[in-house]
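First up is the structure itself, then whatever we jot down about it.
Chain letters run A, B, ... following the sequence lines, proteins first and then strands; every chain starts at 1.
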Protein chains: 2
Amino acid sequence: MSVTREKILELGEELILTKGYNGFSYQDISTAMGIKNAAVHYYFPSKETLGTSILKTNVQRFEEMVENMQNRNFDEWHQLESFMKIYLKSNRENKICLIGSLGTDINTLNDPMRVELQKMVDRIVSWLESILLSGKEKGLFEFSISAHDQALQILSSLIAGLQLARILNKSEFKNIHQSIWEEITPQNKK
Amino acid sequence: MSVTREKILELGEELILTKGYNGFSYQDISTAMGIKNAAVHYYFPSKETLGTSILKTNVQRFEEMVENMQNRNFDEWHQLESFMKIYLKSNRENKICLIGSLGTDINTLNDPMRVELQKMVDRIVSWLESILLSGKEKGLFEFSISAHDQALQILSSLIAGLQLARILNKSEFKNIHQSIWEEITPQNKK
DNA sequence: ACAAATATACTTACTAATAAGTAAAATCAA
DNA sequence: TTGATTTTACTTATTAGTAAGTATATTTGT
């Protein structure tokens, strides 16, 4: 694989997470890389092919992380912790997440991008749901609503947590992160 | 006040909530209203003055709602319910909320817009916090984390709930809305 | 082994469309 | 008639996208 192509994907993702999909241009990528805008079009003919590739790369990265955690026999608690660490890192870097960013622009995206975005979110929600369910059976987690709803609840907190932290104060995300754990950890009875 | 001006504000807000701040143009507004793009510039010289005005209008609308609820002696439970109804309506209309939309684009906004956005979120969070706190004292709500963190938690769920619902399925928001109530309503012991 | 053909990775130099924004003239309403 | 409103007719900048060319490898046929 071309290193230029990889770098474009990386930069494109970063730009979506910092400036939003409609807030960056091929010029932003090309000038940052010291190449010409046509070179970006060489690898990704349209902005939407770039967007779709970024989404596919992300799903792949997610699947690799899940597989890696299973190979290492991570329990559900540690799997969830690893997932949440991604968001802690994004917060440190003043980024939001792909879901929150593209969720804003969804009506301006073409079908392939929308389909890929939906696939990605579907996959993450169903993984979260399964982790929560089996973790609950083992007594690692405790919650009264359905695993699906609890998954949506946690994911929402993470997504909007990053957005709120960027508007208000970076450090507010720590509180949101903390609250998620307190809500599903058994030792904290209400 | 000019009815044209009001209509521009209304349409501008709708466009931010459906296509995102960087996803709409003055052309979108003018063609939808059957006027020329220069007429929009007459009322709002720049896109950022329009954005700032939309935010200020929203804060004002929020303050009016709060005042109205206090005049009618709404208890904390009904005040929270009224607030959440705004989000239910947005979900029905396939809109997200200003916070989630502008949270994505924040790095592309000018200072006045950023300041106004922060003011708006600050105001909403502190209101939510106060409602949660006095509601808890009356036994209307129950939660173990701080009122501030609980406010952030609820607001996050609402903001990202709308985004997730638009990506996945409109009806998913009902589950998120339901989960918020179950979490803070005393009768549902865990 | 060596030349010819071909593929890779770009640049140069453009479009065509759309963006925000403006100056000045025309229209409207009291 | 005066001031508020709106259009006409622009400008300037930026956007995504493309056509054609170029240098450098890589492959292929003989």
Side-chain angles (χ1 to χ4, degrees), chain A residues 1-55 57 101-102 104-114 116-117, chain B residues 1-55 101-102 104-114 116:
Chain A
M1 271 278 164
S2 158
V3 60
T4 307
R5 197 189 128 98
E6 304 273 308
K7 185 86 189 125
I8 293 170
L9 280 169
E10 202 178 300
L11 243 165
E13 180 173 334
E14 191 183 318
L15 286 163
I16 292 176
L17 305 184
T18 51
K19 303 178 73 181
Y21 184 77
N22 292 316
F24 84 95
S25 71
Y26 269 31
Q27 224 63 253
D28 291 330
I29 293 177
S30 59
T31 56
M33 290 180 63
I35 57 176
K36 299 292 153 178
N37 121 55
V40 185
H41 279 283
Y42 171 73
Y43 289 100
F44 302 99
S46 70
K47 200 179 178 182
E48 276 142 351
T49 57
L50 173 59
T52 309
S53 296
I54 289 169
L55 283 167
T57 304
S101 183
L102 296 176
T104 294
D105 299 320
I106 194 159
N107 293 325
T108 67
L109 308 178
N110 69 349
D111 277 350
M113 265 196 87
R114 262 202 288 260
E116 215 54 46
L117 177 59
Chain B
M1 273 274 166
S2 158
V3 61
T4 307
R5 196 191 129 98
E6 304 272 308
K7 184 86 190 124
I8 294 170
L9 279 169
E10 204 179 298
L11 244 167
E13 180 173 335
E14 192 183 318
L15 286 164
I16 293 177
L17 305 183
T18 51
K19 305 179 72 181
Y21 184 77
N22 291 316
F24 84 94
S25 70
Y26 269 31
Q27 224 64 253
D28 291 329
I29 294 176
S30 60
T31 56
M33 289 180 63
I35 57 175
K36 301 291 156 181
N37 118 53
V40 185
H41 279 283
Y42 170 73
Y43 290 100
F44 303 98
S46 71
K47 201 179 178 183
E48 277 142 349
T49 58
L50 173 58
T52 309
S53 295
I54 289 169
L55 284 166
S101 183
L102 296 177
T104 294
D105 300 320
I106 194 161
N107 292 326
T108 68
L109 308 177
N110 69 350
D111 277 351
M113 265 195 88
R114 264 204 287 261
E116 216 52 48

* Got a donor-acceptor contact below 3.5 angstrom from the A:D28 side chain to the A:S25 backbone? -> yes

* Between D:dA16, D:dT7, D:dT15, which one does the side chain of B:A38 approach most closely? -> D:dT7

* Quickly work out the B:M33 CE to D:dT5 C1' distance and round it to whole Å. => 12 Å

* Integer-rounded Å distance: D:dT15 P and A:L15 CG -> 12 Å

* To do: Round to the nearest Å and state the distance from B:N37 atom CG to D:dA13 atom C1'.
  => 15 Å

* Structure fact -> Separation between NE2 (B:H41) and CD1 (B:I8), nearest 0.5 Å, reads 10.0 Å

* **Sequence neighbours excluded, every pair satisfying salt bridge (Lys or Arg N to Asp or Glu O under 4.0 Å) that has a member inside residues 38-55 of chain A** => none

* Structure fact -> Between NZ of A:K47 and P of D:dA16 the distance, given in whole Å, is 5 Å

* Within the distance-only criterion (no hydrogens, no angle test), does the side chain of B:S101 pair as donor or acceptor with the backbone N or O of B:I16 below 3.5 angstrom? -> yes

* **Side-chain donor/acceptor of B:Y26 to backbone N/O of B:S46, under 3.5 Å** => yes

* Looking only at heavy atoms, what is the nearest atom pair of B:I54 and B:G12, with distance? -> CD1-C, 3.6 Å

* Asked: Rounded to the Å, how far apart are B:R5 CZ and D:dT6 P?
  -> 13 Å

* For C:dC10, take OP1 and OP2 only and decide whether either is under 4.0 Å from a side-chain N or O of A:T4. => yes

* Please state whether the phosphate of C:dA19, meaning OP1 or OP2, lies under 4.0 angstrom from any side-chain nitrogen or oxygen of B:S25. => yes

* Using whole Å, report how far CG of A:N22 lies from C1' of D:dA16. => 12 Å

* A:Q27 CD to C:dT12 C1', straight-line distance once rounded to whole Å -> 13 Å

* Asked: Looking at B:I29 and B:L11, what are the two nearest heavy atoms and their distance?
  -> O-CD1, 4.1 Å

* Is the distance from OP1 or OP2 of C:dC10 to the nearest side-chain N or O of A:K36 less than 4.0 Å? -> no

* To do: Take the protein atom OH of B:Y21 and the nucleotide atom P of C:dA20, then report the distance between them rounded to whole Å.
  => 9 Å

* Which residues in residues 39-46 of chain B have at least one heavy atom lying under 4.0 Å from any atom of DNA chain D? -> B:A39, B:Y42, B:Y43

